[in-house]
Every structure is written in C-alpha cells, then in structure tokens.
Amino acid sequence: MKAMLYLDQVVEPVAVLDDVKIVEFGSDNHPEGHRTRIYYHTSNLNAGKTMVELHRDRKMTVKLEDGRSASALITHASLDASGRFVGVLRVLGPLA
C-alpha cells in the first residue's frame, strides 16, 4: 500500500511513501491511541523542497491510498543497504 505525508498548511505532499505496513501493538505498554505504527520504504522520501527529516517533532498527516488518514510523527528514518529510505511513523490517534 502507498501513502502520502503532509505538513499542516501545505497542499502538496512532502513525502510519498512507496510501501507501508501498518502494525498495531496489543500490549498495555503503549497508551491507548498510540499503539499504531506505520513502517515505510520509499525510494525518495522528500517529494518537494521540504526536507522531512528536519520536521521530526511536527505533527504531520499521513493519508493512505485506501482513504484512511491520521496525524503522525516520524519516529525513525534511515537508509537500507539498497539506498532506499526506511522508517517508522508513530500514529497519534485512530486511523480513520
């Protein structure tokens, strides 16, 4: 599944995520509403002039291709051995 990441007040996506996997933790170690993570792979993290890595502390909106969306924070961002960007988004609240 694909997804797009948007900053508030910005019409164009700041990142296009080629492959995302949604994981929900079932343990009580995470507070209710903060148990969902989105793992992503993408060949080009920055879709525009905004460097997403510099906005890790800002809430962003992630929109999945199936129509669901939620607020999210970048928890981890790195490169894999193939040179693709990989990372984790922490979803804040429910995916709706």
Side-chain angles (χ1 to χ4, degrees):
M1 179 181 333
K2 291 187 177 193
M4 293 193 206
L5 202 56
Y6 295 87
L7 282 171
D8 290 342
Q9 313 289 330
V10 180
V11 177
E12 295 296 319
V14 293
V16 177
L17 310 175
D18 297 331
D19 181 31
V20 297
K21 291 182 177 67
I22 301 168
V23 176
E24 186 160 345
F25 298 111
S27 71
D28 293 336
N29 294 337
H30 304 280
E32 194 75 34
H34 291 271
R35 295 182 180 174
T36 306
R37 304 290 187 270
I38 297 177
Y39 294 86
Y40 66 84
H41 291 89
T42 186
S43 57
N44 188 8
L45 184 61
N46 301 310
K49 294 181 180 182
T50 304
M51 293 189 66
V52 177
E53 300 90 350
L54 299 177
H55 297 279
R56 297 174 70 101
D57 57 341
R58 288 182 57 187
K59 280 188 192 179
M60 299 183 201
T61 302
V62 61
K63 293 185 180 180
L64 304 173
E65 72 178 349
D66 64 2
R68 295 182 289 172
S69 66
S71 295
L73 292 173
I74 296 177
T75 302
H76 174 73
S78 185
L79 289 171
D80 67 4
S82 304
R84 295 188 325 162
F85 291 93
V86 296
V88 179
L89 299 174
R90 182 171 46 138
V91 178
L92 308 172
L95 274 169

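Numbers for residues simply follow the sequence, beginning at 1.
- Between Arg84 and Asp18 the shortest side-chain heavy-atom distance does not fall below 4.5 Å.
- In this structure, Arg90 and Arg37 approach most closely via the heavy-atom pair CG-NH1, 3.5 Å.
- The one candidate from Val16, Leu17, Ile74 that meets the side-chain contact (heavy atoms from CB on, under 4.5 Å) condition with Leu45 is Leu17.
- In this structure, Leu79 is a member of the same hydrophobic cluster as Leu89, with clusters built from ILVMFWY side-chain heavy atoms closer than 4.5 Å.
- Residue Thr50 comes nearest to Asn46 through the heavy atom pair O-OD1, 3.4 Å, listed as atom of the first residue, atom of the second, then distance.
- Heavy-atom minimum distance, Val20 versus Ala3: CG1-CB, 3.9 Å.
- When all heavy atoms of Asp80 and His41 are compared, the pair lying nearest together is OD2-CD2, 4.4 Å.
- Here His55 contributes atom NE2 and Leu73 contributes atom CG; the two are 13.0 Å apart, rounded to the nearest 0.5 Å.
- Between Ala77 and Tyr40, the shortest heavy-atom contact is CB-OH, 3.7 Å.
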(message) Evaluate Ile22 against Glu24 for side chain to side chain contact (heavy atoms under 4.5 Å, CB included), listing each step before the verdict.
(response) CA-CA 7 Å; Ile22 301 168; Glu24 186 160 345; 5.8 Å; no
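- Each of Leu7, Asp8, Val10 was evaluated against Thr61; a single residue qualifies, Asp8, per the side-chain contact (heavy atoms from CB on, under 4.5 Å) test.
- In the hydrophobic cluster analysis, where Ile, Leu, Val, Met, Phe, Trp and Tyr join through side-chain heavy atoms closer than 4.5 angstrom, Leu95 is grouped together with Met1.
- Residue Glu53 qualifies as enclosed at atom CD: its count of foreign heavy atoms under 6.0 Å is above 12.
- Hydrophobic clustering keeps Leu5 apart from Val86 (ILVMFWY residues linked when any side-chain heavy atoms are closer than 4.5 Å, directly or through intermediates).
- Minimum interatomic distance between Ala47 and Pro13 (heavy atoms only, all atoms of both residues): CB-O, 3.6 Å.
- You'll find the side chain of Met60 reaches within 4.5 Å of the side chain of Val52, heavy atoms only.
- One hydrophobic cluster, built from ILVMFWY side chains closer than 4.5 Å, holds both Val14 and Leu64.
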